[in-house]
Protein chains: 2
Amino acid sequence: MSIVKTPARAPRARRSPEAARENILAAAERLLTEKGPQALKLTDVAAAAGIAHATVLHHFGSIADVQTALMERMIRQLVAQILAEGAVAADPQGRVGQGARVLFDAFGDRGAARLAAWLELTGESRRLTMAREAVREVIANRLAPEGVDPAVAEDMVLVSVILAMGVGLFGRSLSELMGRPPDTARGLALDLLRRLLPAEGA
Amino acid sequence: MSIVKTPARAPRARRSPEAARENILAAAERLLTEKGPQALKLTDVAAAAGIAHATVLHHFGSIADVQTALMERMIRQLVAQILAEGAVAADPQGRVGQGARVLFDAFGDRGAARLAAWLELTGESRRLTMAREAVREVIANRLAPEGVDPAVAEDMVLVSVILAMGVGLFGRSLSELMGRPPDTARGLALDLLRRLLPAEGA
DNA sequence: GCTCTTATCAACAAAAATGTCAATAGTGAA
DNA sequence: TTCACTATTGACATTTTTGTTGATAAGAGC
């Protein structure tokens with residue numbers, strides 16, 4: 001009669017549903033920023049989260065729902081980051097420069113820019129609805145400079161956001177591609193906005 | 001005894017290897033611009049090209065090779081488009097404005113900007129090598145303004161390219177997201193460069 | 001302790017995507 | 001016309017990815 005020693009097994013972790021979802025989404029976000037959207041496979045996300053893939057399905061229903069939840073989470077984080085910046089400068093020019101820096105910071109960490117690109121490439125209307133609301137909220141609460149013609153202010157915000165996303169997504173690669181330090185593009189773009197936007201408001 | 005009428009069947013097309021590859025890549029490019037990189041599945045590409053998926057494999061070996069070939073084809077097209085522009089203006093400012101417009105045109109059709117984002121998101125070194133050479137070629141042959149400090153010129157090119165890619169990728173969506181005509185961002189960005197770059201060269 | 005809920009997981013099943021192969025059929029050359 | 005070459009294809013096979021199910025176990029409440 002053989003005596004089989006029960007293999008030592010790590011005790012099964014049991015999280016609250018909220019913690020479990022958070023753990024999964026955090027792992028998914030890591031995968032997204034490190035390997036790109038195509039790496040968000042059910043099995044890979046589960047492995048990155050250290051759980052069985054069935055558990056992922058238990059909490060989200062499908063891998064598509066995981067992706068949607070991740071998008072929404074990242075959009076919320078991005079909005080929060082932009083809105084959480086400190087006191088605002090009094091003069092319009094100061095506000096503009098500050099707003100630009102906030103934008104570049106928000107899209108500076110690779111995740112946010114990649115999120116935007118992912119949204120653009122896949123472009124599903126359901127997800128874009130939330131993005132639209134986020135844009136509205138940020139513009140209304142944080143970026144709209146006072147003392148400037150609203151139409152002009154909108155133009156400034158629009159081009160600033162696009163530049164920030166472009167730098168966030170392509171800045172490092174292109175800088176290095178041209179043999180420059182990785183944050184070269186970021187500095188140049190900030191200079192561009194700092195020097196031009198006040199003139200536009202005048 | 002049943003008489004089975006042979007079903008009418010379209011005669012089997014037989015292309016030259018070059019034409020077959022071209023047909024497949026054209027279909028893949030359509031898929032990429034319309035549905036995004038994640039739509040480049042073997043079966044879907046074959047269906048879009050109107051052939052059996054085995055034929056795709058016969059010509060390319062694997063779906064990954066199709067994707068690589070498509071990237072290289074699109075990079076070549078992009079470089080050709082940028083280099084093919086007409087006579088260049090004599091003065092540095094004119095050259096700069098012209099170069100910017102060429103860039104915005106090249107990244108204006110959705111495909112090129114999506115290609116760049118795709119490259120960035122997936123980021124494989126093998127593919128990036130070709131992108132690097134393309135960037136070098138374009139800068140050397142077309143975009144480098146004469147009569148300007150080379151270091152400054154490089155800065156101008158770098159920020160211009162990033163802005164052009166940002167506008168190409170996000171411009172339409174963001175413009176409409178803010179309730180403006182779809183080419184609003186493009187116009188604003190061109191204005192931005194037109195007004196700033198000559199000043200930087202001075 | 002006991003029970004009840006349910007987060008967790010292994011095993012299985014289904015679907016999707018990719019790849020293999022032998023047969024078929026255009027096409028140019030002999 | 002005949003033949004050799006090979007682009008093309010349907011059928012099959014393999015791998016990858018996703019989803020299902022029943023059993024297990026962690027923890028909360030009693």
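Sequence lines set the chain letters: A, B, ... in the order given, protein chains first and strands last, and positions in each chain run from 1.
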* Taking atom P of D:dT17 as reference, at what distance in whole Å does atom CZ of A:Phe60 sit? -> 20 Å

* Are B:Arg15 and B:Glu22 close enough for a salt bridge, meaning some N to O gap below 4.0 Å? -> no

* Asked: Is there a side-chain contact between A:Met71 and A:Leu119, using heavy atoms and a 4.5 Å cut-off?
  -> yes

* Below 4.0 Å: OP1/OP2 of D:dT8 and any side-chain N or O of B:His58 -> no

* Asked: Is there a donor and acceptor pair closer than 3.5 Å between the side chain of B:Arg15 and the base of D:dT8?
  -> no

* Nearest-Å distance, CD1 (B:Ile24) to P (C:dT18)? -> 14 Å

* **Side-chain heavy atoms of B:Leu169 within contact of A:Leu169, under 4.5 Å** => yes

* Asked: Can you find a side chain N or O atom of B:Thr55 that sits less than 4.0 Å from OP1 or OP2 on D:dT9?
  -> yes

* Classify the nucleic acid contact of B:Ser62 as base, sugar-phosphate or nothing, counting any heavy atom under 4.0 Å across all strands shown. => sugar-phosphate

* Determine the contact category for A:Ala20: base if any of its heavy atoms lies under 4.0 Å from a base atom, sugar-phosphate if only primed atoms, P, OP1 or OP2 are that close, otherwise nothing. => sugar-phosphate

* Structure fact -> In whole angstroms, the gap separating P of C:dA17 from CG of B:Asp65 amounts to 19 Å

* From D:dA7, C:dT18, D:dT20, nucleotide with atom closest to A:Ala54 side chain -> D:dT20

* To do: Please state how far atom CD1 in B:Ile63 lies from atom C1' in C:dA16, giving the value in whole angstrom units.
  => 14 Å

* Taking the six-membered ring of B:Phe104, is NZ or CZ of B:Arg186 closer than 6.0 Å to its centre and within 45° of its axis? -> no

* Calculate the interatomic distance between A:Glu22 atom CD and C:dA7 atom C1'; express it in whole Å. => 17 Å

* To do: From the options D:dT20, C:dT6, D:dT6, select the nucleotide whose nearest atom is closest to the side chain of A:Leu57.
  => D:dT20

* Structure fact -> Separation of D:dT18 atom C1' from B:Lys41 atom NZ, nearest Å, is 12 Å

* Asked: Just how far, in rounded Å, is C1' of C:dC9 from CG of A:Asn23?
  -> 15 Å

* What integer distance in Å separates B:Gln38:CD from D:dT18:P? -> 13 Å

* Between the base of C:dT6 and the side chain of A:Arg14, is there any donor-acceptor pair under 3.5 Å? -> yes

* Structure fact -> In short, B:Ala48 meets B:Arg30 closest at the heavy-atom pair O-NH1, 3.8 Å

* So what does A:His59 hit on the nucleic acid, given a heavy-atom distance under 4.0 Å: a base, only sugar-phosphate, or nothing? -> sugar-phosphate

